[in-house]
2 protein chains.
Amino acid sequence: MTIANSLSTDDRSTNTASTDSAGSAAQRDRRKRILDATYELAKDGGFDAVQMRAVAERADVALGTLYRYFPSKIHLLVSALDREFEDAQVKLKAREIPGDTPGDRVLYVLKRLTRGMQGDPKLTEALTRAFMFADASVANEIHAVGMSMTSIVTHAMHGTVPDSEAITDEDIVLARVIGDVWLSALMAWVTGRSSAPETAQHMETAVRLILR
Amino acid sequence: MTIANSLSTDDRSTNTASTDSAGSAAQRDRRKRILDATYELAKDGGFDAVQMRAVAERADVALGTLYRYFPSKIHLLVSALDREFEDAQVKLKAREIPGDTPGDRVLYVLKRLTRGMQGDPKLTEALTRAFMFADASVANEIHAVGMSMTSIVTHAMHGTVPDSEAITDEDIVLARVIGDVWLSALMAWVTGRSSAPETAQHMETAVRLILR
DNA sequence: CCCATAATAGGAACACGTTCTACGTTCTGA
DNA sequence: TCAGAACGTAGAACGTGTTCCTATTATGGG
């Protein structure tokens, strides 16, 4: 599998069985209830408020069941992040992205994403910190998120949903570097080291620099 | 204070009292013992092995004292990271950096740093994950680390220890973006998503791109 | 329908970060 | 010198992530 091909969405099937698609309706239902509960708790109280007992209770499953579906709090939160990114990706692919240059389009998308996340600071704090804290055992979930992000950025660079063949190695490199910067900027914002405008400014400068 | 000026090392005095310089000899001694114990435990067993009771015991202080010096495990580990970076910075400033272009010099420094960290995977895992997990309460310590990193990169760009005035805003932007990429690459390596050669390659590509 | 197996509920138990209490020791300033 | 503050020790106690155990309930094949 080439790197470029690895961007097509259906490659997600190479992940662990813990992702969607597999299992009975009841199982899909439980998984959804758990992720919904996680989302709500995170949105209201951030990382600390996502307590496993609270998630289990709100999702109406036993604690052991929660751990059967998600082997740790970090897996749970990164999976929630993954779902958010999937949603964002679908929404973004639904229509053309405004902007005349790749830089304009990428900035449009990143700023839209960033504004969305900054509108839900607690949720963002919870998901971002989980993503950052993840260790090697969460590699699959993290990889999925990285894939979504790269896909979003390459999509923005091209302006339309690109064919797998139209994505060059150069595109991937650019998208990854932009993703790196975006993540660091988000982290600086989450930890209170930079304000929202500063975050936007840093991203603007960096993207202009990378896509110059 | 301008951004460029904020790079001079003695600005560290604007931090909380928990950093060096202040306190009696006994206090400096305790602080050093604690950081040494943290270093050793992290080096041997990574993040999970740095247990507060174990650190206290090895440093020969009471648990409460440990918490008096470092208000949380994350503060402790990020402070240890800060000490490592300070050391690296001093060593790097001791002599000229080889390389004909800023890109060459930056890559020389980054690869040296990265090799050093990859030679101590457990230690790197512990320090990196703490850095990533940090929340707003650790902003001071995180900021200090970011400062060291920016300083190291600008130093490498110039080839010699630069005067404060010689550092332009452009330099800072470049250094920050490079720092972002370096951090993300390190994180990908720590979480096992990319191998050491891949990490080096990604850094190489990104730095060439940014400093082109 | 019945059995074997897996999945779930409910909750106790454990580990480690963090806080708190009680008491001794050291420093400081009048 | 002495009172009081700050610091230190020892260890109990608490909260939350994680594991484990047992009984009960789906589920799917014969």
Side-chain angles (χ1 to χ4, degrees), chain A residues 17-18 22-34 37-38 41-42 44-80 125-127 129-138 141, chain B residues 16-18 22-34 37-38 41-42 44-80 125-127 129-130 132-138 141:
Chain A
S18 71
S24 69
Q27 282 171 337
R28 250 173 295 130
D29 211 56
R30 278 204 173 76
R31 187 182 155 85
K32 179 176 184 316
R33 285 210 310 274
I34 292 172
T38 304
L41 288 168
D44 287 350
F47 187 87
D48 291 339
V50 181
Q51 301 187 355
M52 299 306 268
R53 291 173 180 83
V55 171
E57 187 174 2
R58 186 180 285 232
D60 203 33
V61 300
L63 190 56
T65 306
L66 172 53
Y67 274 93
R68 169 184 293 274
Y69 280 80
F70 300 95
S72 79
K73 174 170 174 171
I74 300 297
H75 284 83
L76 173 60
L77 282 165
V78 176
S79 297
E125 183 249 10
L127 301 183
R129 284 182 65 207
F131 184 82
M132 298 295 194
F133 189 57
D135 69 357
S137 73
V138 204
E141 286 81 356
Chain B
T16 65
S18 72
S24 69
Q27 281 172 336
R28 251 174 293 128
D29 211 54
R30 279 204 173 77
R31 188 182 153 85
K32 178 176 185 317
R33 286 210 310 276
I34 291 172
T38 304
L41 288 168
D44 287 350
F47 187 88
D48 291 340
V50 180
Q51 301 186 355
M52 299 306 268
R53 290 173 180 85
V55 171
E57 187 174 3
R58 185 179 285 232
D60 203 35
V61 298
L63 190 56
T65 306
L66 172 53
Y67 273 93
R68 169 184 293 276
Y69 280 79
F70 300 95
S72 80
K73 174 170 172 171
I74 301 296
H75 284 83
L76 173 60
L77 282 166
V78 175
S79 297
E125 184 249 8
L127 300 184
R129 285 182 64 206
M132 298 293 193
F133 188 56
D135 68 358
S137 74
V138 203
E141 287 80 355

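Throughout, a chain's letter reflects where its sequence line sits, starting with A, and its residues are numbered from 1.
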Using side chain to side chain contact (heavy atoms under 4.5 Å, CB included), reason through B/R31 and B/F70 one step at a time and then give a plain yes or no. CA-CA 9 Å; B/R31 188 182 153 85; B/F70 300 95; 3.4 Å; yes
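- A straight line from OH of B/Y69 to C1' of C/dT18 spans 19 Å, rounded to a whole angstrom.
- Proximity of B/E141 to B/I74: side-chain heavy atoms (C-beta onward) are nowhere separated by under 4.5 Å.
- Nearest heavy-atom pair across A/A80 and A/L127 is CB-CD2, 4.0 Å.
- In this entry the distance linking CE of B/M52 with P of D/dG11 reads 19 Å, nearest Å.
- Going from atom CG of A/D60 over to atom P of C/dA7 covers 19 Å, rounded to whole Å.
- Contact between A/A42 and A/A126 at its shortest, heavy atoms only, is CB-CB, 3.8 Å.
- Annotation: cation-pi geometry not satisfied between A/K73 and A/F133 (NZ/CZ under 6.0 angstrom from ring centroid, within 45° of ring axis).
- Atom CE of A/M52 is separated from atom CG of A/L66 by 4.0 Å, given to the nearest 0.5 angstrom.
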Should A/L77 and A/R129 be marked as a side chain to side chain contact (heavy atoms under 4.5 Å, CB included) after you check the CA-CA gap, both sets of side-chain angles, and the distance that decides it? CA-CA 9 Å; A/L77 282 165; A/R129 284 182 65 207; over 6 Å; no
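- Among the atoms of the strands shown, base atoms are found under 4.0 Å from some heavy atom of A/R68.
- Taking the nucleotide of DNA chain C with the nearest heavy atom to each of B/K73 and A/V61, the more 5' of the two is matched to A/V61.
- The 5' end of DNA chain D is approached more closely, in terms of each residue's nearest nucleotide, by B/R33 than by the other of B/R33 and A/Y67.
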I'd like a list of close polar pairs between nucleotides 12-15 of chain D and the protein, N/O only, cut-off under 3.5 Å.
{"residue": "D/dA13", "atom": "N6", "partner": "B/R53", "partner atom": "NH2", "Å": "3.2"}

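- To the nearest angstrom, C1' of D/dT18 lies 13 Å from CD1 of A/I74.
- Between B/L66 atom CG and D/dG11 atom C1' there is a gap of 15 Å when expressed in whole angstrom units.
- Remark: P of D/dG8 and CZ of B/R28 are 13 Å apart, rounded to the nearest angstrom.
- Nucleotide D/dT19 holds its C1' atom 19 Å from the CZ atom of A/F70, rounded to whole Å.
- For the pair B/D48 CG and C/dC14 C1', the interatomic distance rounds to 16 Å; values are reported in whole Å.
- Within the nucleic acid shown, B/V55 has no heavy atom closer than 4.0 Å to any nucleic acid atom.
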